[in-house]
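These notes concern the structure reproduced below.
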Amino acid sequence: MLEADGPQGTVAVRLSEVEAYAGRADPASHAYRGPTARNAVMFGPPGHLYVYFVYGMHWCCNVVCGPEGDASAVLLRAGAVVSGVQTARMRRPAARADSDLARGPARLATALGLDRAANGVDLLSAGSRVRLRAGSRVPDDAVRRGPRIGVAAAAEVPWRLWIAGDSTVSPYRPRLRRVAAGARPPLA
DNA sequence: ATTAGGATCTTCT
DNA sequence: GAAGATCCTAATG
């Protein structure tokens, strides 16, 4: 469960889909090329929120996992809004059904009202604006795993985990990487 | 139901 | 200068 306070109220989400990134050893990880201004939080202590900006308009959230310096993190890909539904709807007018409110990493961040200002927040402190809490346990046999989405490297590593049959899990669309206009096709 | 294209800007090469 | 851990809308089958 992830819970975020905001000016319009508190929204809580039960996570249904996540993706693991294994620090510097993982070619798909933002930490792969070492520390930078953007990924600094990843190299810090675990239990903190790493928020980054993608595609010129979206924010995505990770929970830092490994020990300090390890730079491992889990991307929060989707969840079900379990409280503050009305606030989440206002933030996500494009969502048709409530199950779409946090169905996708950028949607989840928007529903929770998270952006650059939430980067680095300690998720395990009761006084934080954003908090990670234990929810009801998911049985092992309800957890599925498969390839990560949208990554250009190490796509075959099955580190996306989700709850089987959950309607809030993002739809899997293996998009071919966009090729720049006018670029030559790769040589076979 | 599925697909294609556009929006938009930070980050690192 | 180019690509990027995405989403939305419109068009088509």
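Lettering follows sequence order; numbering is per chain, from 1. Every value quoted in this text rests on a predicted model; they were computed, and no experiment measured them.
Listed pair A:His30 / C:dA5 meets the phosphate criterion, a side-chain N or O lying under 4.0 Å from OP1 or OP2. Taking side-chain N and O atoms only, A:Arg107 has a distance below 4.0 Å to OP1 or OP2 of C:dC8.
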* Asked: Step by step, would you call A:Asp5 with A:Thr10 a side chain to side chain donor-acceptor pair (under 3.5 Å)?
  -> CA-CA 4 Å; A:Asp5 300 335; A:Thr10 299; 2.7 Å; yes
* To do: Please test A:Arg14 against A:Asp166 for side chain to side chain contact (heavy atoms under 4.5 Å, CB included), starting from the C-alpha separation and ending with a verdict.
  => CA-CA 11 Å; A:Arg14 175 185 52 79; A:Asp166 191 303; 3.2 Å; yes
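In this structure, A:Tyr32 places its OH atom 17 Å from C1' of C:dA3, rounding to the nearest Å. Whole-Å rounding puts the A:Arg148 CZ to C:dG4 C1' distance at 15 Å.
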Close N or O pairs between protein and nucleotides 11-13 of chain B (under 3.5 Å):
{"from": "B:dT11", "atom 1": "OP1", "to": "A:Arg116", "atom 2": "NH2", "distance (Å)": "3.1"}
{"from": "B:dC12", "atom 1": "OP1", "to": "A:Thr36", "atom 2": "OG1", "distance (Å)": "2.2"}

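Taking the six-membered ring for Trp and the full ring otherwise, the centers of A:Phe53 and A:His58 sit at least 6.0 Å from each other.
A:Arg148 forms a cation-pi arrangement with A:Tyr21, by the criterion of a distance under 6.0 Å to the ring centre and an angle within 45° of the ring axis.
Formation of a donor-acceptor pair under 3.5 Å by the A:Asp70 side chain with backbone atoms of A:Pro67 is not found in this model.
The environment of A:Gln8 atom CD is dense: over 12 non-hydrogen atoms of other residues, nucleotides or ligands sit within 6.0 angstrom.
Taking only distance into account, the side chain of A:Tyr55 never meets the base of C:dA3 through a donor-acceptor pair shorter than 3.5 Å.
Connection of A:Val64 to A:Leu49 is not established within any shared hydrophobic cluster, with ILVMFWY side chains joined at heavy-atom distances below 4.5 Å, either directly or through further cluster members.
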* **Dot-bracket encoding per residue of DNA chain B, Watson-Crick/G-U cut-off under 3.5 Å, | denoting interstrand** => |||||||.||||.
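Checked by atom type, the side-chain pair A:Ser170/A:Glu17 shows a donor-acceptor distance below 3.5 Å. The closest side-chain donor-acceptor pair between A:Ser16 and A:Thr168 falls under 3.5 angstrom.
Nucleotides of DNA chain C nearest to A:Leu75 and A:Ala95 differ in position, and the one nearer the 5' end is that of A:Leu75.
Evaluation of A:Tyr52 against the base of C:dA5 yields no stacking contact (centre distance < 5.5 Å, interplanar angle < 30° required).
When each of C:dC8, C:dA5, C:dC7 is scored by its nearest atom to the side-chain atoms of A:Ala106, the top-ranked nucleotide is C:dC7.
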